[in-house]
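Input: a single structure, listed below in structure tokens.
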Amino acid sequence: MSDRYRQQVVDHLVRPRNAGEIGDPSGRGESGDAACGDVVRFTVGISGNVLEQVRYKVYGCAACIAAGSALAELAEGKHLLDAASVSKADLEDALGGPLPAGKEHALTLVLDALHKAFEDHWNRTAGEMLFHAKSGRAIGGRSVVAAMSGGVDSAVTALLLKDAGYDVATVTFRLHDGERGSRSCCSPDTVLFARDTAHRMGLPHFTLNLKELFNRRVMQDFVGSYSEGRTPNPCVACNAHVKFHASSFLADELGFRHVATGHYARVEEGPALARPVDESKDQTYVLWPVPRDLLSRTIFPLGEYRKTEVRAIAEERGLAVAYTPESQDICFIPDGDYRKFVRKNVAAEPGDVVDRQGQVLGRHAGVVDFTVGQRRGIGVSAPTPLYVNEVRPRSGQVVVGRKQDLEVREVRVGNLNWFLDPEEAACVQVRYNGSPVPCTLEETDDGGWVASLDEPVIGVAPGQSAVFYTGDGERVVGGGVVARSGS
Amino acid sequence: MTDAVYLDNAATTPLDPRVLESMLGHLGARRGNPSSLHAFGGSAREGLEEARAGVASLIGASPGEIVFTSGGTESDVLAVLGLARSAGSEKRHAVVSCVEHAAVREAAKRLQSEGFEVSWIGVDEEGLLDPAEFAESVRPDTALAAVVWASNEVGTVEPVLELAEICAAKDVPFHADAVQAAGRVPIDVSEAPVSTLALSGHKLYGPQGIGALYVREGVSLEPIVYGGGQENGLRSGTENVAGIVGLGTAARLAREEMDDRVTHERELRDRIVAGVEEIPHVLVNGHRGRRLSNNVHLTVSGVEAESLVLFLDSLGYAVGSGSACSSGGHKASPVLLAMGLSEREAFSVVRITVGKDNTVEEVDDFLEAFSTAVAQLRELSPLYAG
């Protein structure tokens with residue numbers, strides 16, 4: 001196509017459909033930026049998941065005006081699931097073919113604005129509910145809300161479910177502001193990429209804004225843990241309070257039975273959480289806090305696949321995500337420098353570095369810089385390597401000792417979440433990539449549990465997860481947070 | 001589009017039928033190469049020299065001072081690079097205004113990348129240069145200064161006479177881009193001490209692809225095209241004879257008809273200004289008095305330029321936009337930013353340029369269409385509150 005506009009574009013420009021703004025909308029979404037030269041605003045009226053009214057306003061080039069008009073016309077009157085499936089290709093069809101070179105951005109922009117209006121609708125509906133949702137209405141048939149991060153695992157998850165005959169709706173969560181490659185005019189690239197991927201599979205895509213929830217339950221907890229001398233696991237916190245609750249909320253709203261994520265794990269009858277086929281990708285360790293009622297409606301399709309197979313599926317089916325790199329870091333700290341992140345958020349007070357007898361060996365700049373088992377950055381020279389044994393936030397002391405001083409035989413665990421009878425717990429895993437150690441478990445008077453380990457384990461830090469497995473090591477009995485450890 | 005009204009004469013003008021007629025004799029079987037010795041060549045040479053005299057007459061030059069080029073852009077680039085490169089190794093500085101056409105601007109940037117220092121002279125909010133500031137920037141090591149005679153965007157007519165005199169007094173070559181000014185502003189190089197001056201055919205009802213550079217006798221210029229040494233060695237390559245003849249005719253007509261054209265254009269221009277000023281939040285950019293007779297440059301608050309231009313196009317009116325949107329980012333005009341417009345304002349500008357053939361009736365119809373288009377796009381705009 002040349003750089004001239006087609007007749008359909010000019011027609012939408014001169015006779016825009018559904019122009020205007022709803023005074024009291026169910027949702028309102030805006031994309032673009034006056035300084036970039038394009039702003040699109042959608043307002044929607046939604047009733048019973050049907051998009052009864054769609055109105056739009058645009059300041060922008062002819063392509064933006066026409067694309068917005070075409071989208072408003074396509075979406076109005078549709079069920080949300082159908083409206084959320086309208087893709088860039090659908091818009092091009094409505095406009096008589098591809099836009100002139102350099103104008104494709106208009107399609108992204110108008111879709112983003114409409115989807116933000118949907119997002120606003122969900123967030124208005126959710127209100128406080130999103131923070132507490134634990135429902136499992138479990139209505140509907142083979143239907144599932146699949147969480148999509150923009151990576152290969154979650155994309156293949158959605159694809160496998162679709163292939164298996166499920167009605168699939170995809171959802172991407174806005175969790176924090178540090179997302180990759182933000183274009184100033186639109187949503188971050190991760191959201192746009194996930195939306196594109198879903199649309200290419202012919203699936204509806206939604207977004208939910210969970211920034212407040214995520215900040216409260218994950219990021220603040222992360223920062224607070226360090227200043228209290230604990231070692232947090234933000235993925236555990238997210239699974240405990242955010243991801244599954246939000247997916248479940250959307251499933252309830254859409255009348256869908258299941259939720260799904262791209263975790264490598266399996267859900268068995270019970271429900272019970274079991275290790276996946278690909279043990280090297282096992283994520284059961286971070287899934288222990290998912291509430292039982294949410295786990296019972298959860299599907300983890302990737303539990304049956306090896307990672308290499310997942311990549312092969314993505315490649316074979318032409319998903320662009322096939323080549324995205326593995327995400328390793330904490331998602332809200334893209335550069336991986338979590339100390340810098342913590343220090344940005346809390347004041348650090350200097351304190352003493354002491355040995356196990358309480359003798360002062362040196363000074364440190366703040367307890368937030370230390371975690372149990374740490375060897376680097378202690379700043380005290382000694383004939384044998386020193387390890388952080390304990391962090392005492394109240395006195396500001398960092399206790400250091402030898403490696404063997406880190407050995408523990410007893411782990412106290414709180415905040416427990418059980419899937420199976422605690423009697424079945426035969427071993428405990430205290431690190432993401434650790435191996436389970438045989439143990440015996442006893443309940444304490446204060447409602448916590450004590451695991452007595454058959455063999456010593458190095459460096460068990462308060463704040464980490466302790467996950468109990470069955471005797472064959474295959475199923476998660478339950479898990480909790482390490483409160484304290486001892487020898 | 002036969003009924004369309006053309007109001008984008010700064011982009012290009014219609015070809016005058018009289019110009020076309022004069023060209024036809026050089027487009028048929030009797031076409032010759034001016035360098036040839038035979039009769040065909042002689043006839044071409046005659047046409048060439050007659051045209052040279054015609055162009056010279058428009059600006060008060062001698063025919064020998066006219067070099068034909070492929071257009072305004074080539075003339076500007078030849079002047080800027082050519083003056084700089086023949087200035088001598090101790091002169092590595094250029095003075096250039098912030099409101100130049102892209103040809104001069106980009107040529108100056110090219111000089112920068114070759115190690116020249118460039119002083120960019122700003123303008124006030126009406127797009128007018130300050131001669132005092134200009135004078136301060138001209139130094140002993142200045143190789144050249146370049147200023148647009150009248151802005152192709154906002155139509156402001158710069159104080160070129162004064163600027164050229166400043167340079168002449170300091171013995172610094174001065175280039176004037178008169179592509180838009182020629183035929184609308186009286187230009188006489190015997191009064192304005194410019195060293196070089198750029199002209200274009202298709203802004204003067206002449207053909208596209210032809211231009212001229214006036215090079216004052218005695219001014220030395222390094223060519224940018226090498227070859228057979230045509231045009232005094234300044235522009236090698238077989239001449240575009242038909243184009244040159246067309247430009248010659250267009251220049252003669254422009255000189256003869258200038259007063260009538262300017263009077264007519266002013267009437268239309270002022271009618272448009274009066275009409276659009278009745279619409280709220282429409283601002284005229286550029287200088288009110290020192291302004292090209294055909295130019296109306298507007299900021300239409302709350303409306304993006306491209307959508308307005310295409311809307312008007314669909315109603316049968318052709319006007320120019322001041323910005324281009326591509327790949328998700330608009331590029332604001334550097335000229336408008338230099339005048340102090342914000343990026344957002346710079347995305348909302350349109351340029352309406354009348355010509356000798358437009359009529360009062362066309363202008364009145366246009367004003368009605370313009371008002372309709374602006375109202376509808378503002379109705380749609382989330383950035384316009386009324």
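Just so it is clear: chains get the letters A, B, ... in the order the sequence lines come, proteins before strands, and each one is counted from 1.
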Count the heavy-atom pairs under 4.5 Å between each of B:Leu377, B:Val303, B:Leu380 and chain A, then report the option with the highest count.
B:Leu380

Could you pull out every donor-acceptor pair under 3.5 Å between side chains of residues 62-79 of chain A and any protein atom, sequence neighbours left out?
| residue | atom | partner | partner atom | Å |
| --- | --- | --- | --- | --- |
| A:Ser69 | OG | A:His12 | ND1 | 2.6 |
| A:Ser69 | OG | A:Arg17 | N | 2.9 |
| A:Glu73 | OE2 | A:Arg17 | NE | 3.4 |
| A:Glu76 | OE1 | A:Asn18 | ND2 | 3.2 |
| A:Glu76 | OE2 | A:Asn18 | ND2 | 3.2 |
| A:Glu76 | OE2 | A:Val54 | N | 2.9 |
| A:Glu76 | OE2 | A:Arg55 | NH1 | 3.0 |
| A:Lys78 | NZ | A:Leu74 | O | 2.7 |
| A:His79 | ND1 | A:Leu81 | N | 3.0 |

Sort A:Val10 into side chain, backbone, both or neither according to what part of it lies under 4.5 angstrom from a heavy atom of chain B.
side chain

Evaluate whether atom CD of B:Glu125 has more than 12 neighbouring non-hydrogen atoms of other residues, nucleotides or ligands under 6.0 angstrom away.
no

CZ/B:Arg271 to CD/B:Glu362 distance, rounded to the nearest 0.5 angstrom?
12.5 Å

Please state whether the side chain, the backbone, both or neither of B:Glu379 comes within less than 4.5 Å of a heavy atom of chain A.
backbone

What heavy-atom pair brings B:Tyr205 and B:Asp357 nearest, and what distance separates the two atoms?
CE2-OD2, 4.4 Å

Chain B: which of A:Glu21, A:Glu30, A:Arg41 shares the most heavy-atom pairs with it under 4.5 Å?
A:Arg41

